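Worth knowing before you read on, the calculation uses all heavy atoms, side chains too, and leaves out hydrogens, waters and symmetry mates. The structure presented is a predicted model; accordingly, all values stated were derived computationally and were not measured. Along the sequence shown, the residues carry numbers beginning at 1.
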Amino acid sequence: MDLELALDKIKQLEINKTIEPVKPKRKPREFKLIEPFDAKLMSFEVDKLKKRRFHGIDDFVWDLLQTSKIFLAGGALRTVIDPEDTVCDYDLFFYNLDDVQEIKKLIEEEDFNLYYACPENKLFSYIRSYDDGRATKVQLICEQAYDSPIDCISQFDFGACAAALTVDKFYCYDMFINNIRNKTITMLSLPFPLASFKRAAKYAAKGYNIGYFAEQFIWEVRMMPQELLVEGGAMRRYID
């Protein structure tokens, strides 16, 4: 379904509920929970979407996308659905890790300063500050290369960040639209429980309801083997 039509349909349903109120079966703002195994992937041609949807994306990021060596994914794309949201940083991922140095050079040529480099070269964080106090942050995620943006976002933890953008395609799970419009996060996957728990707190600070995620989190952690929780990646921390 076309993204614009999907959002218009949701808006019309909200209007109809206002005009002809019915006895709610759920609490206010509560919605049908999309379980991880029910999540549906959607893709859209960028040039067929309204340009205003991408006003939150910095022109510099579009220039990097033009290289076709990276793609943008994660929370910065919430602005496609909610223009009132704020971009904290841009997370860029690679198709080929041999291109990392080239992208780093392009970023540094635009007056971005490196303020953090992972000792294992898996993450590089850049910032560019402006006279009015604003700043643009860009993170190069170099832990692995991806065959496609879909491979990347399928590993994300929350529906609210499960979206990716190339120069001509926008990808997202239906959970992405669902979560953002309802200001609620639900789980898509849980590769790093500790990191996701800390990220959930950040979403709560943004006004998101994390109640559904808390239920999913407890259930998933409860089912994990003890050795994975103690010795595996469950306790891994990463910068977000």
Side-chain angles (χ1 to χ4, degrees), residues 7 46 49-67 69-94 99-143 149 152-153 156-167 170 172 176-177 179-185 194-210 213 237-240:
L7 293 175
V46 168
L49 298 175
K50 295 176 180 178
K51 290 184 178 180
R52 63 175 174 80
R53 294 214 170 272
F54 299 104
H55 282 176
I57 308 303
D58 194 287
D59 288 343
F60 170 69
V61 175
W62 283 107
D63 291 340
L64 291 178
L65 293 177
Q66 289 283 353
T67 67
K69 298 180 184 297
I70 54 95
F71 59 90
L72 171 66
L77 291 168
R78 289 193 305 267
T79 55
V80 173
I81 306 300
D82 179 8
E84 300 301 318
D85 206 326
T86 302
V87 175
C88 296
D89 51 47
Y90 296 101
D91 292 335
L92 304 179
F93 299 80
F94 290 82
D99 295 324
V100 172
Q101 293 305 317
E102 179 180 342
I103 297 300
K104 286 177 61 179
K105 183 179 179 180
L106 290 175
I107 290 175
E108 291 166 3
E109 287 175 350
E110 293 295 326
D111 296 327
F112 279 85
N113 296 310
L114 180 68
Y115 70 90
Y116 177 80
C118 168
E120 298 178 345
N121 293 325
K122 295 180 178 180
L123 173 70
F124 298 94
S125 300
Y126 287 88
I127 188 170
R128 180 171 65 184
S129 301
Y130 304 94
D131 293 338
D132 60 5
R134 294 181 300 112
T136 299
K137 297 180 181 179
V138 175
Q139 296 199 123
L140 303 184
I141 315 298
C142 312
E143 183 166 9
C152 178
I153 64 175
F156 282 7
D157 48 5
F158 303 149
C161 64
L165 179 68
T166 69
V167 71
F170 175 69
C172 72
F176 177 73
I177 299 173
N179 281 194
I180 295 171
R181 288 195 64 88
N182 289 280
K183 287 293 183 288
T184 300
I185 61 168
L194 176 60
S196 291
F197 186 83
K198 294 171 66 178
R199 278 166 42 75
K202 292 185 178 181
Y203 272 90
K206 291 176 179 290
Y208 277 70
N209 181 334
I210 65 171
F213 167 74
R237 302 164 181 261
Y238 60 90
I239 292 179
D240 178 40

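The side-chain heavy atoms of Leu64 and Tyr90, taken from C-beta on, include no pair separated by under 4.5 Å. Counting heavy atoms from C-beta on, the side chains of Tyr115 and Lys137 come closer than 4.5 Å. You'll find the side chain of Arg128 reaches within 4.5 Å of the side chain of Asp58, heavy atoms only. Side chains of Asp82 and Lys183 form a contact here, defined as non-hydrogen atoms less than 4.5 Å apart. Side-chain contact between Pro149 and Thr166 is present, with at least one heavy-atom pair separated by less than 4.5 Å. Within the 4.5 Å cutoff, side-chain heavy atoms of Ile57 are placed close to those of Thr79. In this structure, Val100 and Phe124 have side chains that are in contact, with non-hydrogen atoms separated by less than 4.5 Å.
Rounding to the nearest 0.5 Å places OG1 of Thr136 at 11.5 Å from CG of Asp111. Taking CZ from Phe170 and CG from Leu72, the interatomic distance works out to 9.5 Å, rounded to the nearest 0.5 Å. To the nearest 0.5 Å, the span separating CD1 on Ile81 from CD1 on Ile177 amounts to 4.5 Å. Taking CG of Asp59 as the start and CD of Glu110 as the end, the distance is 11.0 Å to the nearest 0.5 Å. For the atom pair Ile103 CD1 and Ile70 CD1, the distance stands at 6.0 Å (nearest 0.5 Å). The NZ atom of Lys50 lies 12.0 Å from the NE2 atom of His55; values are rounded to the nearest 0.5 Å.
Taking each heavy atom of Ala164 and Ile153 in turn, the nearest pair found is CB-CG2, 3.8 Å. Contact between Lys206 and Thr86 at its shortest, heavy atoms only, is NZ-O, 4.5 Å. Heavy atoms only, all atoms of each residue included: Leu77 and Phe176 are closest at O-CZ, 3.2 Å. Residues Ser125 and Leu114 share a closest heavy-atom pair of O-CD1, 3.4 Å. Taking every heavy atom of both residues into account, Arg78 and Asp85 meet most closely at NE-OD2, 2.7 Å. Considering all non-hydrogen atoms of both residues, Ile180 and Ala160 come closest at CD1-O, 4.0 Å.
Between Phe60 and Phe112, the gap from one ring centroid to the other is short of 6.0 Å.
Other residues, nucleotides and ligands contribute over 12 non-hydrogen atoms within 6.0 Å of the NZ atom of Lys104. More than 12 heavy atoms of other residues, nucleotides or ligands shown are found within 6.0 angstrom of CG on Asp132. More than 12 heavy atoms of other residues, nucleotides or ligands lie within 6.0 Å of CD in Glu109, so this atom counts as buried by the packing criterion.
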Inset, instruction - For Ile107 and Leu140, run side chain to side chain contact (heavy atoms under 4.5 Å, CB included): C-alpha distance rounded to whole Å, both residues' side-chain angles, the deciding distance at 0.1 Å, then the answer. - result: CA-CA 10 Å; Ile107 290 175; Leu140 303 184; 3.7 Å; yes
Inset, instruction - Begin from the C-alpha positions of Cys88 and Lys202 and carry the test side chain to side chain contact (heavy atoms under 4.5 Å, CB included) through to its verdict. - result: CA-CA 11 Å; Cys88 296; Lys202 292 185 178 181; over 6 Å; no
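A ring pair (Phe, Tyr, Trp, His ring centres under 6.0 Å) with Tyr203 is found for exactly one of Tyr208, Phe197, Phe213, namely Tyr208.
Classification of the Phe93-Phe71 ring pair by plane angle, with boundaries at 30° and 60°, yields parallel.
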